[in-house]
Amino acid sequence: MRRHWIPAALLAVAVGLAGVAATAQTAQDESEKEIERYRAMINDPMANPGYLAVDRGEDRWAQKRGKKNVSLQTCDLGQGSGKLEGAYAKMPRYFADADKVMDLEQRLLWCMQTIQDLDTTDVVARRFSGPGRVSDMEDLVAFIANKSNGMKIEPQSSHAKEKELTDIGEELFYRRAGVMDFSCASCHGESGKRIRLQALPDLSTPGKQAQETMSSWPTYRVSQSALRTMQHRLWDCFRQQRWPAPDYASEGLTALHMFLNKQAAGGETNVPSIKR
Amino acid sequence: MLSRVILSAVFIASAGAAFAQTKPAVDQAKVETTVKATFSKASSEWKSRIELDETQRVCTQTHNKVSVAQADAIQARELARVVMPPDGKFLGDWKKGYSVANNGRGGQFSDPPGTVSGGNCFACHQMDPKEVSYGTLGPSLAAYGKDRKYDPDLIKDAWTKIYNSQAVVACSNMPRFGTMKVLDEQQIKDVLAYLFDPESPVNK
């Protein structure tokens, strides 16, 4: 289209260019195929190290801790005391006892503080695992989220605070700031886009791409050799957006999670998944 | 001249439909409270980086779908923030420009202090047609200078676009590299050379 004004004398050059473009396109297709092959190869639950985190999380859930020396097994995640099945698929949600909408991490910290009377300073310091540093939070989330496998993501909106935080999450999704003017929508606002070779899910539209994204977190990230939760994913997004580091288990992250779950409603949870 | 008309048409098309959008009422004060609560532990220097300027505020509130009047206001304001090179020279060293285009570091909270920012152009644009790893968030820039016959007027236009994309397209996805001091004057000259030097792989 752009070249239609090129004089006919230059047509041969244009044809030559098209040849180069075709070669590049073939190379492009080949790299995408390789990436797909790699994804298929690592997507084997029996070989997914994320399940080690699930096992550690099960132990941590039952471990007696804090000044009260009790386990977390009476923690109410929205389905009743200690009930885990399907809880994650319906979180974040409003909790009347805290009068607050909470995601799983916020709720677990609340249960540690109120049920166990545990000083959570150390738990929060180890919020993200690293070499020689396990994360109770990542392990607990892996264990609990896994109990929603096969269940559909159900965004919560019956309480006014749930609706309000979802709307705030949508505003945050489009909020442009920082030296690069980036928002979440800068990368996740259109379908079929890539950053370098990485395909970007469109999270601005409800449906399949949002479902596939949200139903596959927490995930085991091969490149980081670690189980990661949505808290870490959003923290890393803000890093790439050139925003400051968000506080762990803070309101804005829960707001974004609420909005993203709304986009992903009906997606079938299958976690921990495994990703690059 | 004709090519300039076509160029403008491409810019307008990429701006998307310029419709004003009526937004559902969300209490803006509550959004601000949430933002404060979410970045409470950031340093004051970091906090200041996410205070919205007028352009960011309009693009945020309209979800980038600005009215014609809003777009005009943004473009006029941002055009006034473009600084042309004082020595009148627009083109630097294309090899250095490649390094700037290929560098995605800088400006992240994980970067050590003093990290030099890159333009990270390849994240969103095809440039050298032989480079396979490029993004598609922005249009292809392969053969950019060659397609424009290395026209000096279009080199100036490209300077403006890189220095402040929103001087050209309101609420463009592209950063305002010069105005926001992501890239310095020399880096922009080098990137321009990468786009416009006949010897640059972009034009091969």
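We name chains A, B, ... by the order of the sequence lines, and we start the count at 1 in each one.
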Check whether the side chains of A/Ser129 and A/Glu138 place a donor and an acceptor atom closer than 3.5 Å, and report yes or no. yes
The interface call for B/Leu52 against chain A, heavy-atom contacts under 4.5 Å, is side chain
Smallest separation among heavy atoms of A/Gly189 and A/Asp202, with atom names: C-OD1, 3.6 Å
Centroid separation under 6.0 Å, is that true for the rings of B/Tyr134 and B/Phe122? no
Ranked by heavy-atom pairs below 4.5 Å to chain B, first place among A/Arg175, A/Glu251, A/Met180 goes to A/Arg175
If one checks every heavy atom of A/Leu172 against chain B at 4.5 Å, the contacting part turns out to be side chain
Charged N-O contact under 4.0 Å between B/Lys204 and B/Asp197: no
Taking every heavy-atom pair that is under 4.5 Å apart, which of B/Val182, B/Thr179, B/Asp111, B/Leu137 has the most such pairs with chain A? B/Leu137
In terms of heavy-atom pairs under 4.5 Å with chain A, the winner among B/Arg176, B/Arg49, B/Gln56 is B/Gln56
I need the residue from B/Ser117, B/Gly106, B/Gly138, B/Ser43 with the largest number of non-hydrogen atom pairs under 4.5 Å to chain A. B/Gly106
Residue from A/Ser204, A/Ala245, A/Ala249, A/Gly252 scoring the most non-hydrogen pairs under 4.5 Å with chain B is A/Ala245
Side chain, backbone, both or neither of B/Ser172 within contact of chain A (heavy atoms, under 4.5 Å): backbone
So does A/Glu190 have more than 12 non-hydrogen atoms from other groups sitting under 6.0 Å from CD? no
Please state whether the side chain, the backbone, both or neither of A/Ser183 comes within less than 4.5 Å of a heavy atom of chain B. neither
Honestly, the part of B/Glu45 sitting under 4.5 Å from a heavy atom of chain A is neither
Aromatic centroids of B/Phe39 and A/Trp243 separated by under 6.0 Å: yes
Less than 6.0 angstrom separating the ring centers of B/Phe196 and B/Trp159, yes or no? no
Are any of the side-chain nitrogens in B/Arg81 or B/Glu78 under 4.0 Å away from the carboxylate oxygens of its partner? yes
Name the region of B/Val31, side chain, backbone, both or neither, that has any atom closer than 4.5 Å to a heavy atom of chain A. both
Distance only, no hydrogens: is a donor on one side chain within 3.5 Å (strictly under) of an acceptor on the other, for A/Gln240 and A/Asp236? no
What part of A/Tyr248 gets closer than 4.5 Å to chain B, counting heavy atoms only: side chain, backbone, both or neither? neither
Turns out that what part of B/Glu51 lies under 4.5 Å from chain A's heavy atoms comes down to neither
Can you tell me how far apart CD1 (B/Ile50) and CD (A/Gln241) are? Round to the nearest 0.5 Å. 10.0 Å
Partner chain A: residue of B/Lys181, B/Lys36, B/Met180 with the largest heavy-atom pair count (under 4.5 Å): B/Met180
Of B/Gly107, B/Ala123, B/Cys59, the largest count of non-hydrogen pairs under 4.5 angstrom with chain A goes to B/Ala123
